[in-house]
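All values below were derived from every heavy atom in this structure, side-chain atoms included, with hydrogens, water molecules and symmetry-related copies excluded.
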Amino acid sequence: MNLLDMLMSAGGNAAVGQLGARFGLDESQTMAALQQLVPALGGGLQKNIGSEGGVESLLGALSGGNHSQYIDNPELVHSEETTAEGNSILGHLLGSKDASREVAAQASAQTGIGADVLKQMLPVVATMVMGSLSKHSGQAGFLGGQDAPAQPEGLLGMLTPLLDSNHDGSIADDVVGMLGRFISNR
């Protein structure tokens, strides 16, 4: 399951409707924006997870924050606190405002939606992505599914698409590669 599917299956439809209303977009424009922004955030999440301590950091954020509120209470999309929280998330995922601007510019080129609108949407979308990750990690349980490779569940199943950089369905070789890079960089 990719992040956009995860967002929608976590009950994100109402939040998506609120997101469109906040930024003056219809449903198809909002979905087009999400189809561009969410994968970019997933790439940042994948990079973050692949760094030393990245998985632990994500687990801490998911268990310590109240990110599911952004899915459970779609009206929070309109809150300035949501934008502030999203900017913090973007700092971790994308690293810089320049990277956020680049994501917005690329999404604009693909969707025809103004880059300024997409740049304003990006932090709100980041909170929605973390909200969906939080809901899925809570529903599936952090330890579930490790013995079910055909239909992974739990945290491992949730992270597999993000950690599986060569898309072979297994994260074992990817994790070994990450460990090798960490050891050689010390």
With side chains defined as the heavy atoms from C-beta onward, is the minimum distance between [X] and [Y] less than 4.5 Å?
X: E85; Y: H67; result: yes
X: L122; Y: L94; result: yes
X: T127; Y: I89; result: yes
X: Q35; Y: T111; result: no
X: R101; Y: K97; result: yes
X: L45; Y: L133; result: yes
X: M121; Y: L19; result: yes
X: L93; Y: V129; result: no

* To do: Check whether V125 and L76 end up in the same hydrophobic cluster, where Ile, Leu, Val, Met, Phe, Trp and Tyr are linked by side-chain heavy atoms less than 4.5 Å apart.
  => no
task = Check whether M31 and Y70 end up in the same hydrophobic cluster, where Ile, Leu, Val, Met, Phe, Trp and Tyr are linked by side-chain heavy atoms less than 4.5 Å apart.
result = no
Would you name the heavy atoms of [X] and [Y] that are closest together and state the gap between them?
X: L4; Y: V38; result: N-CG1, 3.6 Å
X: L118; Y: A104; result: CD1-O, 3.7 Å
X: A115; Y: S108; result: N-OG, 3.4 Å
X: M128; Y: A15; result: CE-CB, 3.7 Å
X: T30; Y: G20; result: OG1-CA, 3.2 Å

Rounded to the nearest 0.5 angstrom, the OG-CG distance for S100 and N87 is 7.5 Å
In this structure, OG1 of T83 is separated from NE2 of H78 (nearest 0.5 Å) by 10.5 Å
For this session: Take atom CD of E75 as the centre, draw a 6.0 Å sphere, and report whether it contains more than 12 heavy atoms from other residues, nucleotides or ligands.
Result: yes
Quick one, F23 with V124, criterion side-chain contact (heavy atoms from CB on, under 4.5 Å). Give me CA distance, side-chain angles, the key distance, then yes/no. CA-CA 11 Å; F23 294 101; V124 179; 4.2 Å; yes
Quiz prompt | Stepwise side-chain hydrogen bond (donor to acceptor under 3.5 Å, both in side chains) test for E102 and Q106 | solution = CA-CA 6 Å; E102 180 62 30; Q106 289 177 0; 2.9 Å; yes
Polar side-chain atom of Q29 near backbone of D26 as donor-acceptor pair, under 3.5 Å
yes
Whether S68 side chain and G131 backbone form a donor-acceptor pair below 3.5 Å: no
Given side-chain hydrogen bond (donor to acceptor under 3.5 Å, both in side chains), test R22 with T82 step by step and report yes or no.
CA-CA 12 Å; R22 175 172 177 182; T82 300; over 6 Å; no
